[in-house]
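Below you'll find the structure, written out as structure tokens, and then a few comments.
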Amino acid sequence: MSGIARSVVAWFAEHARDLPWRRAGFTPWGILVSEIMLQQTPVARVIPRLEQWLARWPSPDALAADSPAEAVRAWDRLGYPRRALRLHAAAVAMSEQHGGQVPRDVDALLALPGIGEYTARAVAAFAFGVRTPVVDVNTRRVLARAVAGQGEAGPARTRADLAAMEALLPSDPADAQRFNAGAMELGQTVCTARNPRCESCPLARLCAWRAAGYPEYDGPSAPRQARFEGSDRQVRGLIMRELRQSDTPVPAEVVESLWPDAVQRERALASLLADGLALGDPRAGYALPD
DNA sequence: GACTCGTGGGC
DNA sequence: TGCCCAAGAGT
């Protein structure tokens, strides 16, 4: 095992947080749901919603038997509600094509809606112990610093990122799983984007960025998020909140009252209809998808 | 590859 | 206070 992998695995054994999806007996379905919820969403906001979700829908079959509308309602304000829709669709696919089981094969997972390169590998590795590189934004930052000697990871380059992780990944599947999880944990809690705690880092003596004297990053930077205030995303969020709260179709006048700019409002509504997050028309009103 | 897609807590 | 961005995916 490489020195970096060995150090991360040893550190993780001591410092892993006690998170629900790390408990013994947590099901592959639970891990899959947690990974979808954790996409672009902080751990602290996911935990309570995850536990409610799994209590209500303890299996893919259970969710598949309910409506997309209920999934979107239960998603509540976790954000990016398309994830709820896709998770429901994934449950239907698992119910119909995988005997109600979460597939353990990376390619089968990739074929499910809402599951991309990160999530497919995370589920395979953490739910089934498959030896495969798992690379999220935290791991990318750890590798950029410790290995490449750069302060930031820059834009994601999936193939190269996976190859970089693969180069360090222990051959033993159990160690590989610990390294995958440990690298993410290290990036979240120690090797953070701002104010990294290098004095507490198990890789300090191996870190190329530290050895080089913490040079300022000069490469291409990751794209910055567009302003939220006044955006279509804000308008979509307002409309979705109204749809979630209502058991009957929301009249067009109510939608109109949510945002003054008609052009932007109609654009947001049209995008929700196109996404399948809303159904309806001006006469019947609008509702979540059945 | 660039862009879009929610929400809310931290600094 | 206002800006940052968080276990990404799809187009």
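Keep in mind that this is a model prediction, so the values were computed, not measured. Reminder, nothing fancy here: chain letters follow the sequence lines and each chain counts from 1.
C:dC5 and B:dT4: their C1' atoms are spaced 16 Å apart (whole Å). Going from the P atom of B:dA2 to that of C:dA7 covers 23 Å, rounded to whole Å.
Taking atom CG of A:L273 as the reference point, atom C1' of B:dC5 lies 16 Å away to the nearest angstrom. Here the P atom of nucleotide B:dG9 and the CZ atom of A:R194 are 15 Å apart, to the nearest Å. Per the geometry, CZ belonging to A:R267 stands 12 Å off C1' belonging to B:dT4, to the nearest Å. Rounded to an integer number of Å, the gap from A:R17 CZ to C:dA7 C1' is 10 Å. At whole-Å resolution of the value, CG in A:L78 and C1' in B:dG9 are 14 Å apart. In this structure, CG of A:L269 is placed 14 Å from P of B:dC5, rounded to the nearest angstrom. The nearest whole Å value for the distance from the OH atom in A:Y80 to the C1' atom in B:dC5 is 5 Å. Distance CD1 (A:I36) to C1' (C:dA9): 9 Å, rounded to an integer number of Å.
Of the candidate nucleotides C:dA6, C:dA7, B:dG6, C:dA6 has the atom nearest to the side chain of A:A193. For A:Q39, counting side-chain heavy atoms from C-beta on, the closest listed nucleotide (C:dA7, C:dA9, B:dT7) is C:dA9. Distances from the side chain of A:Y118 to the nucleotides C:dA9, B:dC5, C:dA6 place C:dA9 closest. Considering only the side chain of A:R227, C:dC3 comes nearest among B:dC5, C:dC3, C:dA9.
For B:dG6, neither phosphate oxygen OP1 nor OP2 lies less than 4.0 angstrom from any side-chain nitrogen or oxygen of A:Q234. Considering only side-chain N and O atoms, A:T119 lies under 4.0 angstrom from the phosphate OP1 or OP2 of C:dA9. Note on A:R82: every side-chain N or O is 4.0 Å or more away from OP1 and OP2 of C:dT11. In terms of phosphate contacts, A:R77 brings a side-chain nitrogen or oxygen within less than 4.0 Å of OP1 or OP2 of B:dG8.
The OG1 atom of A:T119 sits 9.5 Å away from the CG atom of A:L109 when rounded to the nearest 0.5 Å.
Heavy atoms of A:V43 sit nowhere under 4.0 angstrom from any nucleic acid atom. Residue contacts shown for A:R22 include a base, since a base heavy atom lies under 4.0 Å away. Among the atoms of the strands shown, only primed sugar atoms or phosphate atoms (P, OP1, OP2) are found under 4.0 Å from some heavy atom of A:I115. Across all strands, A:P223 comes closer than 4.0 Å to no nucleic acid atom at all (heavy-atom distances). Residue A:G116 is in sugar-phosphate contact alone, with no base atom involved, counting any heavy-atom pair closer than 4.0 Å across all strands shown. Heavy atoms of A:D232 sit under 4.0 angstrom from primed sugar atoms or phosphate atoms, though from no base atom.
Under 3.5 Å, the side chains of A:R197 and A:T192 contain no donor-acceptor pair of N or O atoms. Residues A:D61 and A:S95 have side chains that bring a donor and an acceptor to within less than 3.5 angstrom of each other. Between A:R131 and A:Q177, the side chains place no donor N or O within less than 3.5 Å of an acceptor N or O (distance only, hydrogens not considered). For the residue pair A:E35 and A:Y118, a side-chain donor N or O sits within less than 3.5 Å of a side-chain acceptor on the partner.
Mapped onto DNA chain B by nearest heavy atom, A:L272 and A:A156 fall at different nucleotides, with A:A156 at the one closer to the 5' end. Each of A:L19 and A:R224 has a nearest nucleotide on DNA chain C; the 5'-most of these lies closest to A:R224. Comparing A:P155 and A:R241 against DNA chain B, the residue whose closest nucleotide sits nearer the 5' end is A:P155. Each of A:M184 and A:R86 was assigned the nucleotide of DNA chain C with the nearest heavy atom; the assignment lying further toward the 5' end belongs to A:M184.
Donor-acceptor pairing under 3.5 Å, judged by distance alone, is present between the side chain of A:R45 and the base of B:dT7. Scanning atom types as modelled, no donor and acceptor separated by under 3.5 angstrom connect the side chain of A:E185 and the base of C:dA7. Side-chain atoms of A:T41 stay outside donor-acceptor range of the base of B:dG8, with no qualifying N/O pair under 3.5 Å. Side-chain atoms of A:Q188 stay outside donor-acceptor range of the base of C:dA6, with no qualifying N/O pair under 3.5 Å.
Legend: residues meeting side chain to side chain contact (heavy atoms under 4.5 Å, CB included) with A:P220, ordered by chain and number and at least two apart, are A:P155, A:Y217.
Salt-bridge annotation for A:R159 and A:E117: present, with a side-chain N of the basic residue lying under 4.0 Å from a carboxylate O of the acidic one.
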